4 protein chains.
Amino acid sequence: MGIAERKEREKRRRRARIMNAAKKVFTDKGFGGATMEEIALEAELSPATLYLYFKNKNDLYASLNLKMLEFLVWRLEELRDQEGLDAEGRVRGLADALYDVYQNDPLILFNVFHLQSTHVLTELPPETLDEINGLSARALRIMAGIFQQGIDEGVFADRAAIALADTVWAVFTGLVLWEESKRLFDSGKDFLKPTLDLAIETIVQGIKKG
Amino acid sequence: MGIAERKEREKRRRRARIMNAAKKVFTDKGFGGATMEEIALEAELSPATLYLYFKNKNDLYASLNLKMLEFLVWRLEELRDQEGLDAEGRVRGLADALYDVYQNDPLILFNVFHLQSTHVLTELPPETLDEINGLSARALRIMAGIFQQGIDEGVFADRAAIALADTVWAVFTGLVLWEESKRLFDSGKDFLKPTLDLAIETIVQGIKKG
Amino acid sequence: MGIAERKEREKRRRRARIMNAAKKVFTDKGFGGATMEEIALEAELSPATLYLYFKNKNDLYASLNLKMLEFLVWRLEELRDQEGLDAEGRVRGLADALYDVYQNDPLILFNVFHLQSTHVLTELPPETLDEINGLSARALRIMAGIFQQGIDEGVFADRAAIALADTVWAVFTGLVLWEESKRLFDSGKDFLKPTLDLAIETIVQGIKKG
Amino acid sequence: MGIAERKEREKRRRRARIMNAAKKVFTDKGFGGATMEEIALEAELSPATLYLYFKNKNDLYASLNLKMLEFLVWRLEELRDQEGLDAEGRVRGLADALYDVYQNDPLILFNVFHLQSTHVLTELPPETLDEINGLSARALRIMAGIFQQGIDEGVFADRAAIALADTVWAVFTGLVLWEESKRLFDSGKDFLKPTLDLAIETIVQGIKKG
DNA sequence: GATGAATGAGTTTTCATTCAT
DNA sequence: TATGAATGAAAACTCATTCAT
């Protein structure tokens, strides 16, 4: 391994360390409440160092979300490409896939939304923005594809596949937010998975032909 | 009308004026981005005056959310008490009711979530907190009641009514968030209503008995 | 009694009411911590009304102190003019006189000092200032007179009477401050009177001839 | 000298610089009148920097007082441990010791009292409070010890040593306050030392046996 | 490359004071 | 005369960000 390569790797490691710290602090305090100093503290680095790896607070936040979206897309692609599944099974698989995403990183939607709600977006460089929007669209398209498959195969009623994907996504987003906000008060209820399962099952029943 | 009464009304009017200004600014800038000065400007008052009507920024924000939740509960009660509707029709009515809430105040969920996600809650006086939680619970209970009615009448499959209410709420929440975030970029798409209709319809189909 | 007279009396009553409220609030919160609104509340008047009776916060504060100083001077004059007392007895009487002042109004020195320490003085109208300084000087002169009497009568050693008065005043001031500050923490110790008695007695012994 | 050591020293130097600026401004304007901005200006730093070294205005003020109390205790201990002094001489030495404290830092009592009178105390972290109370108590105990020595040796009448210490402290406190307040008006009278000397001398005479 | 130190630019919040009624 | 209502002016404090070392 060349020196340059090793350095590159070292750099990525540091980036990851910062992102982990940021994830933690953002979760605890929200975007507005988190301070760069606290993130630095968590990462055992100085605040100034953060700026060597991320242009600014927004950039750090966006990177976090990007990483999460990437996992989402990857997981959905895995579901799409899984063999031996009919459309119905694949839709049911959505519940697991989405829950995986949540498990892997409970923050993902919480933060994705937060990102969008705090107008942080508007201050992001256009490339980053495009990347985020691109990944979101891709995820949705995959979900829509799954529904479309069922429609094409004649097992689902002829609904707008994209709207169904929107619905799934909306349910998921809403449930995550809710779960998280409950966590603040109730002692960590875990109603997400059962409710998500029920929702998906209801949708499957609702669109199944005959 | 007595003098005291007139004064009281005047006072409420002014409170309302501030809340309207706040609603606007919070929508545009988010909680963190909004400044008391900007809200005051919008209300054509001085920042100091705001503090005569609201203890602080958090309090103002919470009041906003309270008002919204009150409308939500009121609208759901209206639906519940509407005569000449069978269970299925009432569930379909949920789409309209929720959309009304959104129309009346697009901020409602956007803000409700925000409120819960930004740890603003933790700094709220307990009474306010109780009020918020109480109203939320009440709204959910009404929705669950509608589903339960259908189950009792034998037209819906025997699912957990509360989980169905959760699902509806989650879809709604998720869609609102999404709609709002889209509004930031795309030129004001209005996909909320059709998607919500579809979701509810799908749910109805999904739980209808044979 | 004429109408004008009655009005005048009414006015004085109101002034007194405000001053009492102010005394209470200043004691509880200190000059900086007290707000005009709180004083108004205590006086069951509106803040604006206070300004009909006192030019501003400083003026109100100064008036309070003036009233206290007047009592001090009056009480010292009483002591000075009391018949059948020799110099030694009169000096001993100082302890009682000063303690009376404190009893009558525990704030007096606390406030007098405060007045002086917070640079409120510098913003006072010169007349008020002159009045305050005049009364202070008069009080000191009376005390010095008492010592001087003893020196003239040959029962006290030939010390500077004015310096002895200063000492008495200083002891008193210091003890009051201390007592008050203790009151903040310890549960209301009352060590003022015994210590004051001891101090005066020690002074008497210290200057007695032979 | 190691790097860490040098840095530590550098830090302390900066703290001291801020404290000196604060001392000056507090003296000129009083606690309420002083602003962080003015202190920063005096220290040739930005206001924000002050907050790197002191948690808030109260903390800065308390630190100032702590430093002063430390000097007081140190000076009294020096007096107590000085060899070749009998009790009477040691009591007389109190005048010098206390005056040294005043000279070294005219603010000490002015501030100590102020600190206690303005409810600044109530907002102080308990540790700081304990430290302040501890040092005060220690100073008093040393003074009482000096009187007790004289009583034990039979040269002083059998008075309560602690009350005598209280008296000395009260005289001192009162005189400082007075001196300072005079300074605001009269052109810098220096009556403190002679009056203090007289007071102590009077006390000595007052408690000497035979 | 890493960081200790510093700060500019805000923001919330407080209050003495005014004034139309 | 009394006051409800409003506010100007200020002050404490915060934090993302920079820069000399």
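What's counted below: heavy atoms across the whole structure, side chains too, no hydrogens, waters or symmetry copies. Numbered from 1 within each chain, the chains take letters A, B, ... in sequence-line order. The structure displayed is predicted, hence computed values, not measured ones.
Picking from dC15(E), dC13(F), dT3(E) the nucleotide with the shortest atom distance to the side chain of T35(C) gives dC15(E). Counting only heavy atoms from C-beta on, L45(C) has its side chain closest to dT3(F) among dT13(E), dC19(F), dT3(F). Of the listed nucleotides (dT1(F), dT17(E), dA5(E)), dT1(F) has the atom at the smallest distance from the side chain of L52(C). Considering only the side chain of K57(B), dT13(E) comes nearest among dT18(E), dT17(F), dT13(E). In the set dC15(F), dG8(F), dT17(F), the nucleotide with an atom closest to the side chain of A48(D) is dC15(F). Nearest nucleotide to the side chain of R14(C), out of dA2(F), dT3(F), dA6(E): dA2(F).
Under the Watson-Crick and G-U wobble criteria, each requiring two contacts below 3.5 Å, nucleotide dT11(E) is paired to dA12(F). With a 3.5 Å ceiling on both atom-pair distances, the Watson-Crick or G-U wobble partner of dT21(E) is dA2(F).
The residue among Y51(B) and M36(C) whose nearest nucleotide of DNA chain E is located toward the 5' end is Y51(B). Mapping E37(D) and E10(B) onto DNA chain F by nearest heavy atom places E10(B) closer to the 5' end of the strand. Looking at which nucleotide of DNA chain E each of A34(C) and P47(A) is closest to, the 5′-most match is held by P47(A).
Side-chain contact check for R15(D) versus I18(D): every heavy-atom pair is 4.5 Å or farther apart.
With rounding to whole Å, F54(B) atom CZ is found 18 Å from dT14(E) atom C1'. dC15(E) atom C1' lies 12 Å from atom CD1 of I39(C), rounded to whole Å. In this structure, the NZ atom of K55(B) is 16 Å from the P atom of dT12(E), given to the nearest Å. Straight-line distance from the CD1 atom of I18(A) to the C1' atom of dA16(F): 15 Å, rounded to whole Å. Summarising the geometry, the separation between CG on L50(B) and P on dT14(E) is reported as 13 Å, rounded to the nearest angstrom. One interatomic measurement links the two molecules: CG of L41(B) to P of dT11(E), which rounds to 13 Å at whole-angstrom precision. Taking atom CG on N58(B) and atom P on dT12(E), their separation rounds to 11 Å, with Å as the unit. To the nearest angstrom, C1' of dA12(F) lies 20 Å from OH of Y53(D).
At least one donor-acceptor pair closer than 3.5 Å links the side chain of S63(A) to the backbone N or O of D59(A). Remark: the backbone N or O of A34(A) is paired with a side-chain donor or acceptor of K57(A) at under 3.5 angstrom.
A sub-4.0 Å separation between OP1 or OP2 of dT7(F) and a side-chain N or O of T49(B) is present.
When K23(D), R17(D), K24(D) are each tested for a side-chain hydrogen bond (donor to acceptor under 3.5 Å, both in side chains) with E42(D), only one passes: K24(D).
Here E10(B) pairs with R13(B) in a salt bridge; the nearest charged N to carboxylate O distance falls below 4.0 Å.
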